[in-house]
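All remarks here apply to the structure that follows.
Start at 1 and go down the list; that is how both ligands and their atoms are numbered. Nothing fancy with the numbering, it's 1 onward along the sequence.
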Amino acid sequence: MEVTLTAIKADVGSIGGHLLPSKGLVARVKDVVAEQGKDFLCDHFVGHTGDDIAILMTHEGRAHCEAAHRLAWDAFKAGTKVAKAQGLYGAGQDLLKDAFSGNVRGLGPAVAELTFEERESEPFLLFTADKTEPGAYNLPLYLGFADPMYNSGLILSPSVGQGFTFVVMDVEHTHGDRRIELSTPEDAYDLAALLRDNGRFVVESISSRADGEQAAACSTTRLRNIAGKYVGKDDPILIVRTQKNFPATGEVLAPYGIGHLVAGFMRGSHTGPLMPVVAGTGVSFFDGPPIVSCLAFSMREGKLSEPADAFDHPYWDWVRTKVSQKAHDIRAQGFSGPAMLPYSDLEYGGIKERLKKLEARFTVEE
Ligand code: F6R
Ligand code: MG
Ligand code: MG
């Protein structure tokens, strides 16, 4: 059976600042998805990470399916009403346009979609991250799909060892979608040269070279490009199919043990380590640190198993302690040097205004 996974994520309001959505808000989104999806969805799941709500849908309508996109839009709109009634912070903040026009791409919410012929057993992972940007997945995807130090399947399994094709999007390009296709292992260094720049080059999809099947789909939304000004980070969503010709689940998860430094900590304007957390976790320390959760599913004829929380394990408790130390260390240096993002990525205009004001007070001695 050909099935499509559509995952759509948005921040439509949260408790106490940007911490997490209220139970009433999540319940309203769940109700709308269940009611409006009952005639065409095979199955669905609704969860949240930090202040973002994620809707996962399985259906036979292929990517860009209007009914699935409309459903998510309507659910987030209904959720926004609850957020407003409860006085939640940032009610409806990721819904940047007033009207739905057939597809939520370009309207604010983050979208990741994959269409494929379902395997006999179909394991996949749903990653959702908060207080960061789509490029936060660049390093873990590179290591999990292209580096034998993380993916031993690249040398142990003949099919995995044929490598993968990465589609990378230049998210700074605003007139049309600018993409490049690179295949590993032969293009591994070129790929690394692009993926080092998380703010500009983002992995959009990955496919197996053994059978051409798509393994991963990542959101590439840029709220700034849609709104024309900075309106917050683009908290990204990622789907990864695993096992057989794809990396094993554990190989995809392993790179999150690094707690690598990403953009989006405190006021969307600082660098911080990405902490793998249990699903439903909010943020706290300096409105962070940046967090990522991962739910593993199996699927048969579009019906989902219950999720298994991939980061709910004693190993990840140890990682969280390590990452907390890293978060503490970088925040301890406040605004200094790489702790704060470059001018172009700051969420607030205050620093530029200050510099402008100071221009007249500079003196130059020849
Ligand atoms: C939100 C974020 C937060 C806010 C901060 C101030 O994505 O990163 O750190 O920037 O809570 O929010 P405002 O300016 O809305 O009071
Ligand atoms: Mg927010
Ligand atoms: Mg968020």
(request) Verify whether one side chain among E213 and N245 offers a donor that lies under 3.5 Å from an acceptor in the other. (result) no
(message) Under 4.0 Å, heavy-atom basis, I'd like to know which part of R267 is in contact with ligand 1: side chain, backbone, both or neither.
(response) both
(request) Consider only side-chain N and O atoms of E251 and S152, and report whether a donor and an acceptor are under 3.5 Å apart. (result) yes
(message) Quick one about T242 and T249 (side-chain donor to acceptor, distance below 3.5 Å, no hydrogens or angles considered), yes or no?
(response) yes
(request) Give a yes/no verdict on whether any heavy atom in F265 is under 4.0 Å from an atom of ligand 1. (result) no
(request) Could you tell me the angle subtended at the Mg ion (ligand 2) by OD2 of D11 and OD2 of D51, rounded to 10°? (result) 90°
(message) Would you say the Mg ion (ligand 3) has D94 as a near neighbour, meaning an N/O/S atom of that residue under 2.8 Å away?
(response) no
(request) Please examine the side chains of L194 and L182, heavy atoms only from C-beta on, and report whether any two atoms are closer than 4.5 Å. (result) yes
(message) Is G268 close enough to touch ligand 1? Criterion: a residue heavy atom under 4.0 Å from a ligand atom.
(response) yes
(message) For H18 and D287, which I'm curious about, is there any donor-acceptor pair between the side chains at under 3.5 Å?
(response) no
(message) With nothing but distance in play, are any N or O atoms of D287 less than 3.5 Å from an N or O of ligand 1?
(response) yes
(request) Indicate whether any N or O donor in one side chain lies under 3.5 Å from an N or O acceptor in the other, for S293 and T128. (result) yes
(message) Are V12 and L107 linked, directly or through intermediate hydrophobic residues, by side-chain heavy-atom contacts shorter than 4.5 Å (ILVMFWY only)?
(response) yes
(message) On the six-membered ring of F116, is R241 placed so that its NZ or CZ lies under 6.0 angstrom from the centre and within 45° of the ring axis?
(response) yes
(request) Give a rough value, rounded to 10 degrees, for the angle at the Mg ion (ligand 3) between atoms OD2 of D52 and OD2 of D235. (result) 80°
(request) Using a 4.0 Å heavy-atom threshold (strictly under), name the region of Y89 that reaches ligand 1: side chain, backbone, both or neither. (result) side chain
(message) Tell me whether M266 has any N or O atom under 3.5 angstrom from an N or O of ligand 1.
(response) no
(message) For N/O/S atoms only: which one belongs to D130 and is nearest the Mg ion (ligand 3)?
(response) OD1
(request) Under 4.0 Å from a heavy atom of Y348: give me the atoms of ligand 1 that qualify, with their elements. (result) 4 (C), 5 (C), 6 (C), 10 (O), 12 (O), 13 (P), 14 (O)
